[in-house]
Every structure is written in C-alpha cells, then in structure tokens.
Amino acid sequence: MSEGTGRYNFLEVEEKWRKVWETDKSFEPSADRSLPKYYVLEMFPYPSGRIHMGHVRNYTLGDVVARYRRARGFNVLHPMGWDSFGLPAENAAIENKVHPAKWTRENIAAMKAQLMTLGLSLDWSREISTCEPDYYKHEQKMFTDFMRAGLAYRKESWVNWDPVENTVLANEQVIDGRGWRSGALVEKRKLSQWFLKITAFADELLEAIESLERWPDKVRTMQTNWINRSEGAHVDFSLVGRDDSLRVFTTRPDTLYGASFCALAANHPLIAEQAENNPDLAEFVSECNRLGTSEEVIEKAEKKGFDTGLKVAHPLDPSWELPVYAANFVLMEYGTGAVFGCPAHDQRDLEFARKYGLPVTPVVLPKGEDPQAFDIVNEAYVGDGTIFNSGFLDGLGVDEAKSKVIARLGELGTGEGTVTYRLRDWGVSRQRYWGCPVPVIHCADCGAVPVPDADLPVALPDDVDFDQPGNPLDRHPTWKHTTCPNCGKDAVRETDTFDTFFESSWYFARFCDANNPDEAFSRDAVDYWLPVDQYVGGIEHAVLHLLYSRFFVRALSQCGYMNLDEPFDGLFTQGMVCHETYRSEDGKWLSPVDIDRRGADSAFLLGTDKPVKIGRSEKMSKSRKNVVDPENIVQTYGADTARLFMLSDSPPDRDLEWTESGVEGAWRFLNKVWRQVQDAIGAGLPDRNTPLPASFSGPADALRRAAHKALDGATGDLERFHFNRAVARIRELSNAIGEFSPSDDSDRWAYREAVEHLVQLLGPMTPHLAEELWRALSNDTLVARSTWPVADPGLVVDDMVTLAVQVNGKMRAKVEVERDASEENARSAALSHENVQRAMEGKEPRKIIVVPNRIVNIVV
RNA sequence: GGCCCCUUGGCGGAAUUGGUAGACGCAGCAGACUUAAAAUCUGCUAUCGCAGUGCGGUGUUCCGGUUCGAGUCCGGAAGGGGCCA
C-alpha cells in the first residue's frame with residue numbers, strides 16, 4: 001500500500017496482484033467435470049501489434065462476466081488466443097522485408113504484454129495461435145474429413161479478382177467495383193476453387209436461428225436475411241428450333257402470363273455457346289465480367305441486355321414465343337442463372353422492358369382497380385391482388401395462383417416447385433502465402449487427393465520471398481513438388497491457402513483442449529465445455545464469422561468430432577469506442593494528445609493559442625486520428641480505472657464516448673473507495689468472525705439496507721449485462737458509506753459489512769483494487785476465489801413505502817405507509833393529506849385506484 | 001427503395017417494463033479546508049411562475065389516440081443510425 005501520498009498507488013498494487021493470481025493459477029479451470037461449467041469467450045484478436053480501446057472494452061466486458069460467474073460457483077473457462085493468419089503479415093513482409101512469421105510472433109508478444117496489464121482473468125495456459133502448425137494441422141485434418149464426407153468440393157467458379165493484390169476478393173471486399181485495399185478495378189475470373197457445402201445446412205441454419213434466444217435480434221435478423229430462403233419454381237422454356245430447353249428460377253410463377261422475355265446471366269452456358277459465333281455478344285459478356293460479382297454493384301449498375309436472337313416457347317402456351325437476352329443483372333450463382341422477365345410486376349424487369357421496347361402486360365390486379373383501366377407506367381406493381389389476363393389463373397389470389405400454376409407445370413412436365421437460398425457455398429481458397437495450406441495433392445491420374453493423416457501437417461515453407469506479386473507458394477522452387485499418396489507418381493501440392501475465417505470457425509472448440517497434440521480436441525472436453533455460454537464481440541461479425549462457426553459445428557458433428565447444435569448459446573455484441581474529432585484551421589485531423597481542451601466547447605493546439613475545431617464523436621480510427629492509446633491510459637491511471645470507465649456510463653451494447661473527464665471521474669472514484677476503506681479500518685472494525693449483533697442503531701440499519709440493496713440490485717444488473725447500472729449502484733453504496741460514522745461496536749459491524757460488500761461488488765470490475773482492499777480488511781483469501789455474497793431479503797425491502805398520490809392523474813402528494821398496507825389504509829392515508837384535500841376542491845371521489853406499494857389515484 | 005432500431009436536462013445515461021421522470025456520473029456554479037494551488041469535502045443544478053426551502057404551471061423530438069394514469073402501448077410525421085437492396 002502506498003505511504004505518504006495519501007493516494008492509491010495503482011502501479012505497485014496492480015502488478016502485485018497480477019503476480020499473485022499467476023502464482024495461484026486463479027484462472028485455470030478445474031478438471032472436475034462434475035462442476036457446473038461456464039465458458040466465457042471474447043472474439044480473439046488479430047495480432048496487429050498493439051491493443052486498441054475496442055479490445056479493452058471487449059475484454060473488460062468478458063472479464064466481468066468471467067469473474068462474476070467464478071464467484072457464483074461456476075467452473076469458468078476464459079481463454080485467449082490469436083487469429084494470426086491474414087494479409088497484414090504479408091503486406092508487412094512486402095513493405096518491411098520481414099518474414100510474416102517473425103512479424104506475427106513479435107506482434108503477439110507485444111500485444112500479449114499489453115493485454116497482461118489489464119488484469120484479465122484469462123487462462124493463458126490455453127493460449128493458441130492459429131498460424132502455428134500445431135493448430136492448423138488439425139484443421140487440415142478436418143478439411144480432408146470434410147472432403148471424404150462430401151462437405152468440401154472443388155469447382156470452377158467466377159470470382160472477384162483484384163489484379164493488384166493478385167488475389168480473390170470476397171464480395172464484401174469489393175467496394176464500388178474496386179478492391180477494398182488496392183482500389184484497383186475488380187475483374188471477374190474463373191478459377192478452380194475449394195468450397196465448403198454450407199448450403200447443405202441452409203434450412204437447419206435458418207430454422208435454428210429461432211432457438212438462439214440469447215442472441216441479439218439484430219444479428220438473428222441479419223442471418224435470416226443472409227440465408228434468405230425463397231420458395232418458388234423451376235420453369236422450363238423450350239428453345240425454339242432446338243431440342244433442349246432453358247430452365248429458369250422464379251419466386252413469382254403466378255405472373256407467368258405476364259412474361260415478355262427471358263434473361264440469362266452473362267456466364268450462363270447457353271450464352272457462352274452463342275458468344276462463340278457472335279463477337280458482339282462476347283464483348284457484352286466481358287463487359288459484364290468487369291462488373292464483379294457484388295450484388296450491390298450489380299443492382300446499382302444500369303440494366304443492360306443483349307438480344308441473343310434465340311427464342312423460347314412459353315411453357316403454358318407453346319405457340320407464344322419470347323426473346324432470350326443476356327443480361328447484366330442476372331447472377332449465375334443464384335437460382336439457375338436464368339429468369340423470365342415480367343415487367344409489370346418487377347421493377348428491374350420493367351426498366352429492362354422499357355429500354356428494349358418489350359411488352360408490359362399486367363397480370364396482378366390490385367384491390368379496387370378496374371381491370372380495363374389498370375396500367376403500369378413507371379412503377380412495377382409488386383403487391384398482392386387478383387390474377388387477370390392469365391387464362392386458367394384468372395380470379396385467383398397470388399398464393400393460390402402460385403400453387404395452381406406449379407401443379408399445372410408439373411402435369412405438363414415443364415416445371416416444378418422448388419426452394420432456393422441466397423446463401424451460397426463458402427469458397428475457402430485464397431491465392432496467398434500466409435494462411436493454412438489446403439491439404440490436397442493434385443495427381444494427373446488420381447485427381448485431387450487429400451493428404452493422408454500421417455503426412456499432416458502440410459507446413460508452410462519458411463524460405464519464401466515477396467519480391468514479386470502473386471503467391472510465393474506457387475513459385476517456390478521445391479515445396480509443391482511431391483508424389484501422389486495414391487499411385488506414387490509425381491504430383492503437385494495445392495498452393496492455395498484457406499480463408500482465415502476457417503481458423504476462427506473452430507477455435508472456440510480448440511480452447512476446450514488447447515494442448516492436445518494428437519487431436520483437435522477430445523470428445524470429452526468439448527462435450528463438457530461447449531457450447532460457449534457467453535460470447536462477446538463486435539457486431540461486424542454478425543453474419544460471416546458467426547454463420548461459418550454455426551456451420552462448422554454441424555459439419556464437425558456430422559464427421560464425428562462432436563455432437564452439438566450451436567456453438568454460442570449467448571451472444572453479446574458491444575458498441576464501438578468513440579471519441580471527439582479535432583481539426584486544425586487548415587482542416588488537418590489532430591490527435592487528442594495534441595489538444596488543450598479549455599471549457600465546454602473550446603480547444604486549442606497544445607502549447608499554443610491556435611484554435612482547434614471540435615468535430616462530432618466518431619469511432620476511433622487512425623484516419624481521423626481520434627485514437628486514445630490504452631497503454632497511455634493504463635500507465636497514467638491504471639488498468640482498473642480504464643476498466644471502470646469502460647463499464648460506467650454507457651450500456652455495453654451502445655457506443656461509448658471516451659472522454660478524459662470521464663476517465664478522471666473513474667480514477668477519482670477508485671481513490672475515494674480506497675480512502676473509505678482506509679477510514680473504515682482506522683475506525684477499528686470488528687474481527688471478521690464477530691457474530692451478528694442483536695440490534696442496530698438507526699443509521700447502522702440504514703447502512704445495512706443500502707449495502708444489501710446495492711448487492712441485490714448490482715447482482716441483477718450483472719446478470720443482465722447492465723454494467724453501467726451496476727456501477728451506479730456501487731457508487732450509491734459508496735455514497736452511503738461516506739455518510740456513515742460509527743459510534744459503537746454494532747455500528748462498526750455494519751460498517752465492515754458495507755465495506756466488504758463494496759469491495760466484493762468491485763471484484764469483477766476493478767479486480768486489482770478489490771484484492772488490495774480485501775487483503776487490507778484482513779481477509780486471507782482472494783476476491784478472485786471468494787464466493788459472491790447473498791443479500792438478506794429482509795434488508796432489501798423496506799418496512800415503509802412511499803406512495804405517490806395522484807388526483808385526476810396529477811401527482812399531488814407522497815404518503816408513507818406500511819409495506820403491503822391494505823387498500824383501505826392506503827386510501828385513507830392518501831385522502832387525509834392536505835395537498836390532496838386541496839386538489840380535490842371539496843369534490844367527492846368518483847373512483848380510487850390503488851396500486852399496492854406504488855400509487856393511489858383519486859378520480860373526482 | 002424495403003425492413004429494423006433509436007430520439008429523455010448543457011452532456012453520458014436511469015426509470016422496478018403502464019404507476020413518484022431525470023438514479024449514478026460528467027460538466028457548471030457556490031462554499032469549506034489551504035498563505036496559495038492541487039487534492040478532498042459540502043451544497044445547488046430540467047424549466048417557468050408566485051416570492052424563498054413550499055405551492056403551482058410546463059416538460060421525455062412533434063401531432064393524434066387508448067387508459068384512472070403513457071418516456072413506456074397504438075397510429076402518423078420529422079430527424080438520426082443499422083442491415084438488405
């Protein structure tokens with residue numbers, strides 16, 4: 001404890017207790033599988049080299065849960081690791097000539113040291129790093145098992161190709177048709193790639209969303225939309241003058257009589273066939289390919305088509321012929337890559353029809369419209385209505401017409417009902433070095449052969465250069481040359497690596513048995529620990545990471561690794577950490593460390609009188625320079641202050657505004673608590689085991705009530721992730737303690753009780769200070785290992801309650817009555833109050849509503 | 001364009017889920033301690049009126065509704081945000 005200064009010496013104290021926890025192995029879970037378990041996990045970080053405030057918030061929230069659950073008697077697993085494959089390491093290699101492995105390992109060491117200073121209750125004995133062969137060899141095994149189970153397959157696929165980065169981009173990495181990093185115009189290219197069959201679980205993934213009760217609705221909606229199940233039909237249009245037919249997918253078979261053309265994706269096989277003898281069509285196809293595969297870009301682009309000259313016959317009326325177009329808004333990956341256009345009832349089709357002079361025939365009549373007068377001008381009608389202009393479907397509703405037309409198509413053999421999804425199979429191949437090698441050998445005779453288990457891992461070679469663009473694995477002189485495990489002939493290794501979402505799709509399972517050298521994890525370990533009880537992370541992973549992980553537990557279950565429905569039982573998505581932005585007069589962004597804040601709304605460049613413009617609070621980002629380095633905060637105020645501030649004002653799911661004054665407020669509070677406990681000790685607290693006194697003075701009773709109410713309320717708040725409210729209650733207790741001065745032994749007994757509650761409540765939030773004070777109160781245990789106190793219900797509810805009295809709904813008085821007083825007593829207490837009498841102006845009450853322990857409303 | 005969410009003092013937010021609006025904190029003001037400052041402590045702080053410690057009016061973005069009673073429920077509008085297009 002610090003001497004002389006009268007202030008809390010956090011530097012000494014925080015380091016001391018971290019060492020104690022480490023020696024004590026306080027955060028390693030018990031191996032006893034009969035204990036109730038609780039698995040708390042925060043999304044593991046990419047090792048960029050330094051932690052940022054977003055990490056501090058994320059890991060503080062998780063740590064509060066972990067420490068609280070431990071105190072509630074759970075066997076808690078709270079691990080940490082590194083999502084350590086990925087592009088930045090390769091970029092560093094290119095820019096700074098440092099090997100990705102070296103760069104990554106150094107970053108991990110630096111970030112780990114920073115994380116250590118936060119006092120997180122992590123079990124570091126389970127630390128994992130996904131770029132190490134002892135991690136990725138297991139996922140290579142999984143992949144070969146997926147191949148054998150038919151869950152991984154290879155196909156030619158159109159991809160977004162970034163010509164500068166020389167790699168495939170995901171749709172979300174394409175912004176306005178350009179690569180998100182390089183800014184280069186993205187091209188469509190056809191590559192042979194590996195896919196994981198996530199669509200095999202589309203229905204299951206969709207239906208199970210309903211069971212994820214402890215997930216935010218927002219995330220559940222986003223996943224539902226992402227999977228986007230749609231019921232519709234496959235319809236076959238026979239090609240005029242040929243023997244084959246064109247299969248289209250539609251969600252609106254009821255509008256088939258409104259068809260005026262068919263449109264095909266530019267890379268539909270039929271278009272490829274036609275383009276061979278049609279250079280103009282071929283040019284159109286390559287123009288479409290330049291658009292990329294992003295749906296958003298495609299949707300925003302001008303709708304263009306190219307008449308192939310082919311005709312198809314209408315499936316319900318063979319004498320009716322429709323033209324066939326290649327179109328830039330139809331995707332080969334969705335449905336069948338072909339649609340029929342019904343301009344009257346689809347906006348895209350309408351724009352297309354207007355452009356190419358195609359007929360627009362309305363077939364759905366909105367309620368109340370006259371069939372003779374109803375006309376489509378600039379807006380397609382997509383709503384409900386009655387079918388008309390449609391032969392045997394006339395007069396039916398949309399849904400009835402759908403089933404009837406599907407039945408008819410079935411009879412005619414020209415179509416059938418079907419279900420499609422927007423969700424597509426997950427392409428996992430990346431043309432990159434710093435990733436997990438795809439464990440496959442290509443043999444001229446045997447094809448793609450999985451690497452046998454005994455040969456795993458397929459480790460990345462260390463001797464690579466990054467002097468040229470493209471994949472260093474591919475141009476490595478020896479690495480890819482090997483022999484076929486089947487026939488023994490010369491063969492080559494796959495040189496692609498996995499998408500880094502692969503590693504993060506199963507890391508939560510590895511943590512259950514992180515040091516298992518033989519298997520990814522033992523069945524026993526995952527059976528006990530999974531699912532994760534509380535997952536905490538950013539909303540940015542609402543779809544991909546979380547959906548892939550949900551897919552993985554299903555795929556792994558199918559392959560016998562585990563038996564699990566869902567990986568994450570509870571999910572919490574925290575808000576961003578924001579800060580004011582500053583700009584100099586010439587418009588340059590300025591960092592908060594260079595700002596001299598004077599008063600509520602003026603600021604100057606530090607050490608000068610140059611005014612600075614204060615901008616609105618935005619997410620901390622390097623580009624706006626509004627970042628505050630956690631390391632500085634921890635050095636200046638200590639980890640507990642940073643943690644407390646993270647928890648104090650804003651609800652965890654909302655954005656948090658980082659303010660210097662708020663941090664100082666948290667720091668002041670910690671010092672106040674420290675002083676309060678010193679004062680209490682100075683007052684001569686009774687020994688810990690002193691029995692409960694028979695009676696208490698009025699102030700002591702009030703203090704005890706404050707302590708038990710704070711405990712009861714804060715416990716409920718912690719259960720419900722209302723950490724900001726829990727902090728408020730703790731401050732209330734501190735305020736009550738500050739007003740108390742003991743005068744006898746029973747007072748001092750109550751004093752100790754209140755102070756101990758305060759310290760224990762702070763345990764999950766400011767653990768270092770809590771340990772220091774707990775020890776100062778002559779406890780020989782650790783708060784980290786202590787049991788959460790239980791509130792005495794008799795002290796949580798008061799004997800007397802204040803009733804609000806309203807007259808005609810307006811608050812007029814407050815009256816004190818006994819808790820659970822009879823309606824009669826409440827009524828007469830209310831009526832006898834002088835303010836109430838005055839407000840009633842001598843009138844007779846017409847009706848009196850009494851809500852026990854809350855309110856009396858007198859209607860006159 | 002579609003769907004969803006949000007809007008409470010100068011600021012962050014609270015409100016037992018239909019029952020005392022503004023807990024707790026930040027900022028501010030006043031005071032105590034001090035030679036002084038820092039630190040700390042105390043008080044005030046939605047707003048207007050009557051004149052002072054109480055009483056009354058108004059007040060949860062705006063308009064309307066349901067109800068004895070609405071920040072909370074319903075309908076509409078505005079502004080902000082998110083997701084999908």
Side-chain angles (χ1 to χ4, degrees), chain A residues 5-8 172 216-228 294-301 329 347-348 379-380 382-383 422 539-540 542-543 573 575-576 578 580 597 599-601 616-617 619 644-645 647-651 653-669 671-672 675-676 679 709-710 712-714 716-717 720 722-735 738-739 796-797 801-815 834-835 838-839 845-860:
Chain A
T5 63
R7 290 191 106 187
Y8 168 53
E172 40 289 334
D217 287 340
K218 201 178 6 172
V219 176
R220 301 203 294 177
T221 309
M222 283 162 72
Q223 295 215 349
T224 305
N225 292 340
W226 188 262
I227 295 169
N228 192 22
S294 148
E295 286 180 31
E296 192 190 343
V297 171
I298 287 164
E299 189 65 29
K300 279 179 179 160
F329 62 87
Q347 192 60 33
R348 281 190 312 201
E379 268 189 39
V382 296
R422 200 183 71 110
I539 188 76
E540 65 273 19
V543 177
T573 51
M576 300 181 298
C578 300
E580 276 184 341
R597 202 77 165 73
D601 32 39
R616 64 175 204 145
S617 184
K619 181 185 181 179
L644 183 66
F645 178 68
L647 300 166
S648 290
D649 287 342
S650 302
D653 53 343
R654 272 197 233 173
D655 288 352
L656 173 140
E657 186 173 351
W658 185 273
T659 62
E660 189 68 16
S661 53
V663 176
E664 279 177 4
W667 164 239
R668 274 201 299 270
F669 179 66
N671 280 286
K672 179 180 161 189
R675 254 181 281 110
Q676 283 183 328
D679 289 350
K709 282 180 189 170
D712 181 64
D717 290 336
R720 288 187 289 274
H722 294 162
F723 299 153
N724 56 322
R725 295 204 311 199
V727 171
R729 290 186 205 272
I730 291 169
R731 297 186 101 121
E732 280 176 324
L733 174 56
S734 166
N735 290 344
E739 285 163 17
V796 172
V797 291
V801 293
T802 308
L803 291 186
V805 185
Q806 299 180 336
V807 178
N808 285 341
K810 278 197 198 297
M811 237 278 285
R812 294 298 175 186
K814 293 173 188 177
V815 291
E834 59 168 321
N835 289 359
R838 182 157 13 97
R846 215 172 39 157
K847 191 175 174 188
I848 301 179
I849 292 120
V850 180
V851 181
N853 303 326
R854 298 231 185 284
I855 206 163
V856 178
N857 191 5
I858 300 161
V859 187
V860 298

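Labels below follow one simple rule: chain letters A, B, ... track the order of the sequence lines, proteins then strands, and each chain is numbered from 1.
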Under 3.5 Å for both distances, Watson-Crick or G-U wobble, that's the pair rule; now give the dot-bracket for RNA chain B, with | marking pairs to another strand and [ ] for crossing ones. (((((((..(((......[....))).(((((.......))))).(((((...)))))..(((((..]....)))))))))))).

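- Comparing the P positions of U66(B) and G22(B) gives a spacing of 28 Å, expressed to the nearest Å.
- Residues passing the side-chain hydrogen bond (donor to acceptor under 3.5 Å, both in side chains) test with Glu660(A), sequence neighbours excluded: Tyr637(A).
- Applying the salt bridge (Lys or Arg N to Asp or Glu O under 4.0 Å) test to Arg220(A) and every residue at least two apart in sequence or in another chain returns Asp217(A).
- Contacts of Thr573(A) classified as side-chain contact (heavy atoms from CB on, under 4.5 Å), with partners at least two apart in sequence or in another chain: Pro216(A), Val219(A), Ile539(A), Leu571(A).
- Annotation: side-chain hydrogen bond (donor to acceptor under 3.5 Å, both in side chains) contacts of Arg838(A) (sequence neighbours excluded): Asn835(A).
- Here, A27(B) and C4(B) have their C1' atoms 35 Å apart, quoted to the whole Å.
- Between C44(B) and G54(B), the two P atoms lie 12 Å apart (nearest whole Å).
- With sequence neighbours excluded, no residue forms a side-chain hydrogen bond (donor to acceptor under 3.5 Å, both in side chains) with Thr224(A).
- Checking Gly662(A) against Ala728(A), the closest nucleotide of RNA chain B that is more toward the 5' end is the one next to Ala728(A).
- Taking the nucleotide of RNA chain B with the nearest heavy atom to each of Ala666(A) and Met222(A), the more 5' of the two is matched to Ala666(A).
- For Arg854(A) and U16(B), a side-chain-to-base donor-acceptor distance below 3.5 Å is present, hydrogens and geometry of angles not being considered.
- In this structure, Phe645(A) has its ring center at least 6.0 angstrom away from the ring center of Trp667(A).
- Of the candidates G82(B), C41(B), G19(B), the closest approach to any side-chain atom of Ile855(A) belongs to G19(B).
- A23(B) and G69(B) have their P atoms separated by 27 Å, with the value rounded to a whole Å.
- For Glu732(A), the side-chain contact (heavy atoms from CB on, under 4.5 Å) partners are Arg729(A), not counting sequence neighbours.
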For a quick check, with a 4.0 angstrom heavy-atom cut-off, what is the B/S/- contact string for nucleotides 8-14 of chain B, read 5' to 3'? ----BSS

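- Applying the salt bridge (Lys or Arg N to Asp or Glu O under 4.0 Å) test to Asp649(A) and every residue at least two apart in sequence or in another chain returns nothing.
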Pairs under 3.5 Å (N/O, protein and nucleotides 47-57 of chain B):
unit_1, atom_1, unit_2, atom_2, d
C55(B), OP1, Asn835(A), ND2, 2.8
C55(B), O3', Arg838(A), NH1, 3.3
G57(B), OP1, Arg812(A), NH2, 3.1
G57(B), OP2, Arg812(A), NH1, 3.4

How would you summarise protein contacts on nucleotides 66-73 of chain B per nucleotide, using B for base, S for sugar-phosphate only and - for none, with heavy-atom distances below 4.0 Å? --BS----

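- In this structure Lys709(A) satisfies the salt bridge (Lys or Arg N to Asp or Glu O under 4.0 Å) test together with Asp798(A), sequence neighbours excluded.
- The interatomic distance linking Glu540(A) (CD) with C83(B) (C1') rounds to 14 Å, in whole Å.
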